[in-house]
Amino acid sequence: MSRSAHPAGPRHADVLTEGHYSAPAADLNVLDGKVWSRTVTRDADGALTVGGIAVARLAEEFGTPAYFLDESDFRARCRAWSEAFGPDADVFYAGKAFLSRAVVRWLKEEGLNLDVCSGGELSTALDAGMPAERIAFHGNNKTVAEIERAVEAGVGRIVLDSFQEIVRVAHIAQRHGVRQRVQIRVTVGVEAHTHEFIATAHEDQKFGIALADGQAAEAVRRALSLDGLDLIGVHSHIGSQIFDMAGFEVSARRVVQLLAEIRDEHGVELPEIDLGGGLGIAYTSEDDPREPHEIAKALSDIVTRECEAAKLRTPRISVEPGRAIVGPTAFTLYEVGTIKPLEGLRTYVSVDGGMSDNIRTALYDAEYSVALVSRTSDAEPMLVRVVGKHCESGDIVVKDAFLPADLAPGDLIAVPATGAYCRSMASNYNHALRPPVVAVRDGEARVIVRRETEEDLLRLDVG
Ligand code: LLP
């Protein structure tokens, strides 16, 4: 990543070497289509518009901070994924990235399936009418009540994550007189190139059952021996925000090897493999994500090749993108409250939200972009740190970025690519009220998750 000083940027050499910022864009008014959703543009007055509506109007009607989700972009991404994988594969949207009843309806209309990982996500999916057979239920410690609910509802698959769960799900299914379709989540030993806390397929972590020491083969033996279970395949998820397909290739190869071993030992060819989610998106102009058709081709080529080599029928592939579908479709709109230039360091720009609506910067050192969106400006770029209003110095939204030097309180700024893991990981820290999610499409904006109110907070506090 390039690091550069700018005349309006910091002057101290130590700060320069600590920064993770790139050179300012030649023109800060230009919105990079890579990080903004598809209908975002600037209108004749220079204000950002999404779905044909200017941000000033959105701020006036819905307040700030708020997430604005570009519905037609969301739907287009769903279609791109399902067309790329075609009729012989299944795309499960990972609801943990962001889930609401409107989102469930869009997924249903666009023909996607849904991965849920808690009773709450399951009930949102069912309430909004997602057919149960299109739901996959995940989690490393599903409660008995959650498993009961999933089995009763008739979910299409439960992804088994431990030896205890194999037995639990089998008992519950038997009690309900059904054979539950299940997959076994295996850890394939791949270290995805991502932040340590969000890589999941290396062995020293809580998810899945390890391939390496024969545990996965043993789990398959047990699952095949239990009447309540219909083992349909093997699942692997290797991490998050991954750009390099090499990790997926190794994962696919190892999963296919396991299918071959299962065929040799048990004489059954499991019909499905799931390669999980984790595909990266552009948070800044320097990120270069793959298109769904490239990902689909890379995955299906490797699975086909490995299956031919092992003389296996090619299984049906499924994938679980969350971030890659919803991430790029939303931005967070903030109002600038205070501006503190720290001589020789940088300028702190405080907004009306912060770590309660985007914990990713504090938690993962995630990088984001930011732009002045209520107007354009010809002022010089200044190096800023966009911070929130919480009582915590790590309350950073955008660590290092450039905004025009004439930025003033009352300006609206927006952080793109906040559709995934921002509202879904939002908190009430400092009794902040979680922002609304507003869907914008064809000149119309409607709230799909309303803003929390102080009454909501007080209602939970029963005195
Ligand atoms: N499938 C499974 C089994 C998963 O565990 C996950 C994410 C996904 C699919 C979706 O991954 P995606 O395509 O969205 O990367 N909070 C972190 C990400 C944690 C992801 C956990 N599992 C973040 O904000 O980056």
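A quick note: this is a predicted structure, and the numbers were derived from the prediction, not measured.
Salt-bridge formation is not detected for the pair Asp161/Lys142: no Lys NZ or Arg NE/NH1/NH2 atom is positioned less than 4.0 Å from an Asp or Glu carboxylate oxygen. We find that Asp274 and Arg316 are not joined by a salt bridge, their nearest charged nitrogen and carboxylate oxygen being 4.0 Å or further apart. Between Arg221 and Glu218, at least one side-chain N (NZ, or NE/NH1/NH2) sits under 4.0 Å from a carboxylate O, which counts as a salt bridge. Ion pair Arg385/Asp400 flagged as a salt bridge, since at least one NZ, NE, NH1 or NH2 atom sits closer than 4.0 Å to an Asp/Glu carboxylate oxygen. Under 4.0 Å is where a charged nitrogen must lie from a carboxylate oxygen, and between Lys399 and Glu367 no such pair does. A salt bridge links Arg101 with Asp127: the closest approach of a Lys/Arg side-chain nitrogen to an acidic carboxylate oxygen falls below 4.0 angstrom. The pair Arg179-Asp227 fails the salt-bridge criterion, with no side-chain N (NZ, NE, NH1 or NH2) lying under 4.0 Å from an Asp/Glu carboxylate O. With salt bridges taken as basic N to acidic carboxylate O contacts below 4.0 Å, one links Glu148 and Arg175.
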Should Asn113 and Val91 be marked as a side chain to side chain contact (heavy atoms under 4.5 Å, CB included) after you check the CA-CA gap, both sets of side-chain angles, and the distance that decides it?
CA-CA 6 Å; Asn113 306 292; Val91 180; 5.5 Å; no
Asp73 vs Thr329, test: side-chain hydrogen bond (donor to acceptor under 3.5 Å, both in side chains). Steps then yes/no.
CA-CA 6 Å; Asp73 191 13; Thr329 68; 5.6 Å; no
Carefully, step by step, assess Met245 and Leu279 under the rule side chain to side chain contact (heavy atoms under 4.5 Å, CB included).
CA-CA 9 Å; Met245 293 303 290; Leu279 285 315; 4.3 Å; yes
Please walk me through it: do Arg459 and Glu455 pass salt bridge (charged side-chain N to carboxylate O under 4.0 Å, His left out)?
CA-CA 6 Å; Arg459 210 172 296 137; Glu455 292 77 65; 6.0 Å; no
Could you walk me through whether Ser251 and Ser236 pass the side-chain hydrogen bond (donor to acceptor under 3.5 Å, both in side chains) test, one step at a time?
CA-CA 7 Å; Ser251 160; Ser236 161; 2.9 Å; yes
Please walk me through it: do Tyr421 and Tyr364 pass ring pair (Phe, Tyr, Trp, His ring centres under 6.0 Å)?
CA-CA 12 Å; Tyr421 304 109; Tyr364 312 122; 8.2 Å; no
For Ile281 and Asp287, what are the C-alpha separation, side-chain angles and deciding distance, and is it a side chain to side chain contact (heavy atoms under 4.5 Å, CB included)?
CA-CA 7 Å; Ile281 62 165; Asp287 294 328; over 6 Å; no
Does the salt bridge (charged side-chain N to carboxylate O under 4.0 Å, His left out) test come out yes or no for Arg360 and Asp365, once each step is laid out?
CA-CA 7 Å; Arg360 298 192 69 260; Asp365 223 3; over 6 Å; no
Go through Tyr334 and Asp357 one step at a time and tell me if the side-chain hydrogen bond (donor to acceptor under 3.5 Å, both in side chains) criterion holds.
CA-CA 11 Å; Tyr334 300 104; Asp357 59 72; 2.5 Å; yes
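For Arg77 (side chain) and Val326 (main-chain N/O), no donor-acceptor pair under 3.5 Å exists by modelled atom type. In this structure, the side chain of Gln180 does not engage the main chain of Val151 through any donor-acceptor pair within 3.5 Å. Here the side chain of Glu269 pairs a donor or acceptor atom with the backbone of Arg313 at under 3.5 angstrom. At least one donor-acceptor pair under 3.5 Å links the side chain of Lys34 to the backbone N or O of Ser285. Checked by atom type and distance alone, the side chain of Arg446 never pairs as donor or acceptor with a backbone atom of Arg441 at under 3.5 Å. Judged by distance alone, with hydrogens and angles left aside, the side-chain atoms of Asp395 form a donor-acceptor pair with the main-chain N or O of Lys389 at under 3.5 Å. Counting only distance, with no hydrogens or angles, the side chain of Ser427 and the backbone of Tyr429 share a donor-acceptor pair below 3.5 Å. The closest donor-acceptor contact from the side chain of Gln205 to the backbone of Phe207 lies under 3.5 Å. At distances below 3.5 Å, not a single donor-acceptor pair connects side-chain atoms of Arg305 with backbone N or O atoms of Arg253. Under a 3.5 Å cut-off, the side chain of Thr284 and the backbone N or O of Glu286 do form a donor-acceptor pair.
What you find for Ser37 and Asp70 is that their closest heavy atoms are OG-OD2, 2.7 Å. Residues Ala219 and Ile209 share a closest heavy-atom pair of CB-CD1, 3.8 Å. Of all the heavy atoms in Ala125 and Val116, the pair that sits closest is CB-CG1, 4.3 Å. Between Leu58 and Ala445, the closest heavy-atom pair is CD2-CB, 3.9 Å. Closest non-hydrogen pair, Leu333 versus Ala414, comes out as CD1-CB, 4.2 Å. For the residue pair Ala417 and Tyr283, the shortest heavy atom distance occurs at O-CE2, 3.2 Å.
No side-chain donor from either of Glu320 and His237 sits under 3.5 Å from a side-chain acceptor of the other. A donor and an acceptor atom, one from each side chain of Asp90 and Ser318, are nowhere located under 3.5 Å apart. If you check the side chains of Asp456 and Thr453, you find a donor sitting under 3.5 Å from an acceptor. Side-chain atoms of Thr332 and Thr418 include a donor-acceptor pair closer than 3.5 Å. Side-chain N/O atoms of Glu452 and Asn428 include a donor and acceptor closer than 3.5 Å.
The shortest side-chain heavy-atom distance between Val188 and Val250 does not fall under the 4.5 Å cut-off. For the pair His235 and Glu272, the minimum side-chain heavy-atom distance is 4.5 Å or more. Phe137 is not listed as a side-chain neighbour of Arg157, based on a closest heavy-atom distance of 4.5 Å or more. Counting heavy atoms from C-beta outward, Trp81 and Pro321 have side chains that approach closer than 4.5 Å. Inter-residue side-chain proximity for Ile166 and Leu229 is flagged as met; some heavy-atom pair is nearer than 4.5 Å. Here the side chains of Val55 and Thr49 are not in contact, with every heavy-atom distance at 4.5 Å or above. Contact of the Phe68 side chain with the Phe62 side chain is registered, since non-hydrogen atoms from C-beta on lie closer than 4.5 Å. Put simply, the side chain of Arg134 reaches to within 4.5 Å of the side chain of Lys108, judged on heavy atoms.
With values rounded to the nearest 0.5 angstrom, Asn141 atom CG is found 7.5 Å from Ser162 atom OG. Rounded to the nearest 0.5 angstrom, Arg450 CZ and Ser100 OG are separated by 14.0 Å. Rounding to the nearest 0.5 angstrom, the gap separating the CD1 atom in Ile295 from the CG atom in Leu275 is 12.0 Å. How far CD of Glu146 is from CD of Glu121: 10.0 Å, rounded to the nearest 0.5 Å. Once rounded to the nearest 0.5 Å, the distance linking OG of Ser82 with CD of Glu110 reads 7.5 Å. With rounding to the nearest 0.5 angstrom, the OG1 atom of Thr41 is 8.0 Å from the CG atom of Leu48.
When ring centroids are compared, Phe74 and Tyr93 come within the 6.0 Å threshold.
The environment of CD in Glu444 is sparse: at most 12 heavy-atom neighbours from other residues, nucleotides or ligands sit within 6.0 Å.
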